[in-house]
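Starting from 1, each residue takes its place in the sequence as its number.
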Amino acid sequence: MKFVTEIMIDQSRIFGRLMPAIMASIFFLALGCESASTEEKEDEKVVEVQEDFDLEAAVEACEGQLEIMVSKLTDLSKHPRLIETDEREWKEVTNNELIWTSGFYPGILWYMYDITGETRWKEEAIKRTEVFEDFQYITKHHDIGFMMFPAYGNGYIIGDQKQYKDILLTSAASLASRYNPNVGAIKSWSNKMHPRWKQHITIIDNMLNLELLFWAAKNGGDHRFYDIAVRHAETTMKNHFREDYTSWHVLEYDSLSGEVMHHHTKQGYSDDSRWSRGQAWGIYGYSMVYRETGDKKFLDFAIKITDKYLTLLPEDRVPPWDFDAPNLEEQERDASAAAIVASGMLELSTQVEDKALSERYYKAAIQMLESLSSDAYSGVGKADSFLLHSTGAKSLGHEIDVALIYADYYYIEALDRLRKMK
C-alpha cells in the first residue's frame with residue numbers, strides 16, 4: 001500500500017514568490033507559542049506531516065493479517081508472543097500465569113470487532129479471552145493488568161460481555177493486593193523471580209496496569225482501587241523520572257520507609273539509560289491517568305514527558321530500543337514503543353486545551369502511524385504480524401528485531417482511536 005508523503009500547496013496563487021517565507025515565518029512563530037516543557041524543545045526535529053493518512057488501507061492490511069493469524073493459531077492452550085527475525089509465523093507460548101503477554105491477542109481481536117462490527121471477530125475474541133478466566137486470581141506480579149484488561153476489559157467495553165464484570169473486579173482486587181502503603185506504589189515483581197532486588201520493586205510499565213483499577217472503581221469495585229491508582233501515579237511521577245523528564249526502568253524502594261534505594265534497568269542498555277519503551281509507558285500511562293482523574297497535574301506531566309520524548313526521535317519517529325545505546329544509528333528500532341506512544345499521543349491530543357499543542361501531538365502520532373504502516377515496518381507480505389522491527393529485551397539477549405504481539409495490539413488500538421476521532 002502506498003501513502004502520500006507530503007502535502008502539496010499551490011503557492012503560485014498566494015503571494016507568489018513570497019509565500020515560502022511567509023509560511024516559514026508563521027510556522028516557526030506557531031512553534032514558539034507552543035508549550036515548551038523542556039530545555040531541549042528547540043532541538044526537536046520538525047518533519048512535515050500529511051493530513052490524509054490512509055486509515056482505511058491500514059485497517060484493511062491488519063484485517064488481512066489477522067485472517068492469516070486466526071487460520072494458524074488454533075491451540076487455545078497457547079498464545080502468540082513473537083515472530084523471530086526473518087521468520088513468518090508466530091512463536092506461540094503456553095498460557096501461564098507468569099507470562100504477561102496473554103491478553104494482547106484477544107485484545108487485538110476485540111479491536112478488530114470494534115472497527116469492523118463483524119461478528120466473526122467477536123466470536124473469535126470470546127474464544128481467545130475466556131481461556132484466561134483463572135488468571136483473575138494472580139497475585140504474584142503486577143502484570144495481571146496487562147493480562148486481563150486488553151482481553152476482558154475490551155470484551156466488557158467493546159463486546160458488551162457484561163458477565164466479565166466480576167472477573168475484572170476480582171482481577172483488580174488481586175492487583176491491589178500488591179500495593180504497599182509505606183511506598184505508595186504497587187510492587188511490580190517478586191523478589192524470588194528477580195533476586196537482584198531485595199525489597200520493593202516498581203517498574204515504569206506498571207503505569208499501564210492502573211487502568212484496571214480505575215475501571216473497577218467506576219464499576220462497582222472498592223473505591224480504594226481509585227485511591228491506590230492515584231497514589232501509585234503520584235509516587236511514580238515523583239521518583240521515577242529524572243529532571244529532564246525521562247524515566248528509569250526499575251526502582252527499588254525500602255519496603256518499610258518508602259525511601260528510594262536504587263535506580264536500575266532490566267531491559268534498557270544501562271541503569272542510567274533512557275530505554276525507549278519505558279518512556280512510552282510513561283506517556284501512555286499519564287495520559288490515561290489524566291483521563292480517569294481529571295487532575296491537571298497529570299496532564300501537565302504527560303505534556304512534559306511527551307515533549308521530551310519527541311526531541312529524542314529520529315526522523316521517521318520510530319525510536320531505537322534505547323536512546324543511550326552506543327552507535328545509535330546502528331541500533332535496532334522498537335516499533336512497539338512507537339505504537340504505544342502513537343496511541344497514547346492520540347488520546348493526549350484530545351486532552352490538551354491549547355489547539356496548537358493538540359495539533360502538534362496529533363500530527364506527531366500520525367507520523368508514527370505512517371512510518372509503522374509503511375513498507376519499512378509493516379509485516380504485510382513478509383510475516384503474519386501487523387508490524388516488524390520491535391525489540392523486547394536486547395540487554396537480555398532475546399527478542400531483538402522481531403515482531404511482538406503487544407506492538408500489534410497498541411498499533412490497532414491507535415488505528416481504532418484515530419477512527420473514532422475522525
Side-chain angles (χ1 to χ4, degrees), residues 1-4 50-73 79-80 90 101 103-130 146 149-162 164 208 211 215 284 287-288 291 335-336 338-350 362 365-374 377-381 383-388 403-422:
M1 56 187 164
K2 297 181 179 179
F3 296 97
V4 180
Q50 65 185 39
E51 293 290 354
D52 55 349
F53 169 67
D54 196 339
L55 175 60
E56 183 177 348
V59 168
E60 184 179 345
C62 287
E63 188 167 22
Q65 294 295 90
L66 197 54
E67 287 172 348
I68 295 171
M69 292 165 66
V70 167
S71 69
K72 295 180 179 180
L73 303 174
H79 68 271
W90 285 99
T101 49
F104 293 116
Y105 181 49
I108 288 169
L109 292 161
W110 283 119
Y111 277 128
M112 187 56 72
Y113 169 63
D114 196 37
I115 292 170
T116 66
E118 293 186 17
T119 304
R120 59 176 176 146
W121 298 124
K122 180 177 182 178
E123 292 173 350
E124 189 69 21
I126 290 172
K127 183 170 66 176
R128 301 301 308 218
T129 294
E130 294 183 355
F146 280 119
F149 204 76
Y152 282 92
N154 282 330
Y156 183 94
I157 297 166
I158 295 172
D160 198 35
Q161 299 299 105
K162 301 306 182 187
Y164 292 172
L208 275 287
E211 189 167 13
W215 181 92
Y284 187 109
S287 299
M288 176 270 294
R291 179 227 305 159
S336 75
I340 294 162
V341 172
S343 185
M345 203 180 307
L346 283 174
E347 178 161 68
L348 183 60
S349 74
T350 69
Y362 176 81
I366 294 298
Q367 286 179 322
M368 293 171 192
L369 292 177
E370 287 170 355
S371 284
L372 293 174
S373 302
S374 72
Y377 293 96
S378 173
V380 176
D384 294 348
S385 58
F386 301 162
L387 303 179
L388 301 175
L404 290 171
I405 193 64
Y406 49 90
D408 283 10
Y409 173 82
Y410 289 104
Y411 175 68
I412 196 170
E413 179 185 73
L415 297 182
D416 195 27
R417 286 180 168 181
L418 181 60
R419 177 185 67 89
K420 292 175 179 176
M421 291 170 68
K422 288 180 176 294

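Ring centroid separation for the pair Trp90 and Tyr105 does not come in under the 6.0 Å cut-off.
When only modelled atom types and interatomic distance are considered, Glu347 and Ser287 share no side-chain donor-acceptor pair under 3.5 Å.
Distance check, rounded to the nearest 0.5 Å: OH of Tyr113 to CD of Glu118 gives 10.5 Å. Distance OG/Ser371 to CD1/Ile366: 11.5 Å, rounded to 0.5 Å. Distance check: Lys72 NZ to Asp384 CG gives 3.5 Å after rounding to the nearest 0.5 Å. The CG atom of Leu348 sits 12.0 Å away from the CZ atom of Arg291 when rounded to the nearest 0.5 Å. Rounded to the nearest 0.5 Å, atoms CD (Glu370) and CG (Asp54) are 10.5 Å apart. Annotation: the span from Met368 atom CE to Tyr377 atom OH amounts to 11.5 Å, rounded to 0.5 Å.
Scanning all heavy atoms of the two residues, the minimum distance from Leu208 to Met288 falls at O-CE, 4.3 Å. In this structure, Ser385 and Leu387 approach most closely via the heavy-atom pair OG-O, 2.8 Å. Ser378 and Leu388 get closest at one heavy-atom pair: O-CD1, 3.6 Å. Between Lys422 and Leu55, the shortest heavy-atom distance links the atoms CD-CD2, 4.0 Å. In plain terms, the two heavy atoms of Trp110 and Ala151 that are nearest each other are NE1-O, 3.1 Å. Among all heavy-atom pairs drawn from Ala365 and Ala342, the shortest one is CB-O, 3.7 Å.
Side-chain atoms of Glu413 never come within 3.5 Å of backbone atoms of Ala339 as a donor-acceptor pair (strictly under, hydrogens ignored). A donor-acceptor distance shorter than 3.5 angstrom exists from the side chain of Asp408 to the backbone of Phe386, with no hydrogens or angles considered. Remark: the backbone N or O of Met112 is not paired with any side-chain donor or acceptor of Asp416 at under 3.5 angstrom. A distance-only check finds no donor-acceptor pair linking the side chain of Thr129 to the backbone of Ile126 [under 3.5 Å]. The backbone N or O of Leu346 sits less than 3.5 Å from a side-chain atom of Ser349, completing a donor-acceptor pair.
Residues Leu372 and Tyr410 are not in side-chain contact: their nearest non-hydrogen atoms beyond the backbone lie 4.5 Å or more apart. Arg128 places a side-chain heavy atom less than 4.5 Å from the side chain of Leu73. The shortest distance between side-chain heavy atoms of Val59 and Tyr111 does not fall below 4.5 Å. Within the 4.5 Å cutoff, side-chain heavy atoms of Ile157 are placed close to those of Phe149. Considering only heavy atoms from C-beta on, Glu67 comes within 4.5 Å of Trp121 through its side chain.
For the salt bridge (charged side-chain N to carboxylate O under 4.0 Å, His left out) test with Glu124, the passing option among Lys122, Lys127, Arg120 is Lys127; the others fail.
Around atom CD of Glu60, no more than 12 heavy atoms belonging to other residues, nucleotides or ligands sit under 6.0 Å away. Counting heavy atoms of neighbouring residues, nucleotides and ligands inside a 6.0 Å radius, atom CD of Glu56 does not exceed 12 of them.
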- Query: Passes side-chain contact (heavy atoms from CB on, under 4.5 Å), Ile405 versus Ile108? Steps please.
  - Reply: CA-CA 9 Å; Ile405 193 64; Ile108 288 169; 3.7 Å; yes

- Decide side chain to side chain donor-acceptor pair (under 3.5 Å) for Tyr164 and Glu130; before the verdict, give the C-alpha distance in whole Å, the side-chain angles of both, and the deciding distance to 0.1 Å. CA-CA 9 Å; Tyr164 292 172; Glu130 294 183 355; 2.8 Å; yes

- Task: Go through the steps to decide whether Tyr409 and Ser336 satisfy the test side chain to side chain donor-acceptor pair (under 3.5 Å), and finish with yes or no.
- Result: CA-CA 9 Å; Tyr409 173 82; Ser336 75; over 6 Å; no

- Item | Working for side-chain contact (heavy atoms from CB on, under 4.5 Å), residues Ile412 and Ile115 | CA-CA 9 Å; Ile412 196 170; Ile115 292 170; 4.0 Å; yes

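Ring geometry for Tyr406 versus Phe104: interplanar angle of 30 to 60°, hence tilted.
Screening residues 104-115 for salt bridge (Lys or Arg N to Asp or Glu O under 4.0 Å) gives Asp114-Arg419, Asp114-Lys420 as the qualifying pairs, with residues at least two apart or on separate chains.
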